[in-house]
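The structure under discussion appears below in the form of structure tokens.
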Amino acid sequence: DIQLTQSPPSLSASVGDRVTITCRASQGISSYLAWYQQTPGKIPKLLIYAASTLQSGVPSRFSGSGSGTDFTLTISSLQPEDVATYYCQSYNSAPLFTFGPGTKVDIK
Amino acid sequence: QVQLQESGPGLVKPSETLALTCTVSGGSISSNYWSWIRQTPGKGLEWIGYIYFSGRTDYNPTLKSRVTISLDTSNNQFSLKLSSVTAADTAVYYCVRHGEGSSVFFFESWGQGTLVTVSS
């Protein structure tokens with residue numbers, strides 16, 4: 001089974017800071033990786049798919065990169081509305097879809 | 001804009017079968033892939049299985065022996081059945097639509113989620 005690890009598990013940053021979250025896959029998954037944002041009490045929202053493609057309507061301060069086993073989600077300038085837990089998700093072999101444990105982002 | 005809404009009992013007894021329905025509006029269920037995903041504080045997000053509009057299914061191997069997902073095109077719904085439930089199946093259950101084209105492997109639209117508690 002594929003495993004996804006995320007680091008850090010949580011972070012606290014100031015408004016305007018550049019924030020980077022990493023997702024590492026236990027085996028190569030090409031570019032079959034997505035990032036989701038879940039704000040407190042809300043449902044997950046697709047931000048980026050295919051490792052680097054921004055979902056329609058998502059602010060351009062969000063970006064994704066990587067392929068194979070190492071991926072990154074970057075928020076170029078953290079905003080108060082970005083307080084959330086961020087999850088990566090992969091598509092691979094059984095199970096077909098796996099989620100990372102999440103990274104909680106707070107405002108300092 | 002497609003919308004999804006889960007419905008079903010919020011409380012299920014241990015050893016019984018959990019049954020949920022997802023009603024799709026604003027789009028036809030006769031296209032695309034449709035999944036069930038659950039979320040718990042302890043295990044996070046877990047994919048349960050999907051159904052394609054053709055009726056093809058695939059399930060998470062850890063749940064495969066207990067899961068059935070089916071389609072009701074006449075009512076624009078799809079359903080989840082999870083048998084022999086235990087407290088470990090207590091979770092928020094989401095019905096989800098996959099994206100299309102290059103985003104088909106990802107989850108584009110989510111229902112609001114429904115909490116199902118397994119308890120006697």
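Because only heavy atoms are used, hydrogens play no part in the values below, and waters and symmetry mates are left out as well, while side chains stay in. Protein chains get the first letters and strands the later ones, always in sequence-line order, with residue 1 at the start of each.
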Hey, quick one: are [X] and [Y] part of the same hydrophobic cluster, counting side-chain heavy atoms closer than 4.5 Å, chains of contacts allowed?
| X | Y | value |
| --- | --- | --- |
| Tyr94(B) | Val2(B) | no |
| Ile48(B) | Leu82(B) | yes |
| Phe71(A) | Ile48(A) | yes |
| Val96(B) | Trp36(B) | no |
| Trp47(B) | Tyr32(A) | yes |

Fill in: Atom pair CG/CZ of Asp58(B) and Phe97(A) - distance to nearest 0.5 Å
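Going from the CG atom of Asp58(B) to the CZ atom of Phe97(A) covers 8.0 Å.
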
Worksheet item: Roughly how far apart are Lys42(A) NZ and Trp110(B) CH2, rounded to 0.5 Å?
Response: 15.5 Å

Practice prompt. Decide side-chain contact (heavy atoms from CB on, under 4.5 Å) for Tyr50(B) and Leu96(A); before the verdict, give the C-alpha distance in whole Å, the side-chain angles of both, and the deciding distance to 0.1 Å.
Written response: CA-CA 10 Å; Tyr50(B) 78 68; Leu96(A) 288 181; 3.5 Å; yes

Practice prompt. Kindly determine whether Phe99(A) and Phe107(B) satisfy side-chain contact (heavy atoms from CB on, under 4.5 Å), including the steps that lead there.
Written response: CA-CA 11 Å; Phe99(A) 289 88; Phe107(B) 308 112; 3.6 Å; yes

Fill in: Crowding at CD, Gln27(A) (>12 non-hydrogen neighbours, <6.0 Å)
yes

Practice prompt. For atom CZ of Arg24(A), decide whether the heavy atoms of other residues, nucleotides or ligands shown that lie under 6.0 angstrom number more than 12.
Written response: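 No, because the 6.0 Å sphere around CZ of Arg24(A) holds 12 heavy atoms or fewer from other groups.
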
Specify which of [options] makes the most heavy-atom pairs with chain B at under 4.5 Å.
| options | answer |
| --- | --- |
| Gly102(A), Ala50(A), Pro44(A) | Pro44(A) |
| Ile43(A), Leu46(A), Thr85(A) | Ile43(A) |
| Thr98(A), Asp1(A), Leu33(A) | Leu33(A) |

Response to the item:
With chain A, the option among Gly49(B), Ser109(B), Pro61(B) that has the most non-hydrogen atom pairs under 4.5 Å is Pro61(B)

Worksheet item: Relative to chain A, which of Gly113(B), Gly44(B), Ser103(B) shows the most heavy atom pairs under 4.5 Å?
Response: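 It is Ser103(B).
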
Item to complete: Verify, without hydrogens or angle tests, whether Gln89(A) (side chain) and Phe105(B) (backbone) share a donor-acceptor contact under 3.5 angstrom.
Response: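 Yes; at least one donor-acceptor contact below 3.5 Å.
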
Worksheet item: Is chain B contacted by the side chain of Pro101(A), its backbone, both, or neither, given a heavy-atom distance below 4.5 Å?
Response: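 The answer is neither part of Pro101(A).
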
Worksheet item: Given a strict heavy-atom distance threshold of 4.5 Å, which part of Tyr87(A) is in contact with chain B: side chain, backbone, both, or neither?
Response: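 Just the side chain, heavy atoms under 4.5 Å.
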
Discussion item. Working note: His98(B) + Tyr91(A), criterion ring-ring contact (aromatic ring centres under 6.0 Å, His included); need CA distance, chi angles, decisive distance, verdict.
Written reply: CA-CA 12 Å; His98(B) 293 226; Tyr91(A) 166 77; 9.1 Å; no

Worksheet entry | Tyr59(B) vs Pro95(A) side-chain heavy atoms within contact, under 4.5 Å | no

Worksheet item: Tell me, do Tyr36(A) and Phe106(B) make a side-chain contact under 4.5 Å, heavy atoms counted?
Response: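 A side-chain contact under 4.5 Å exists here.
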
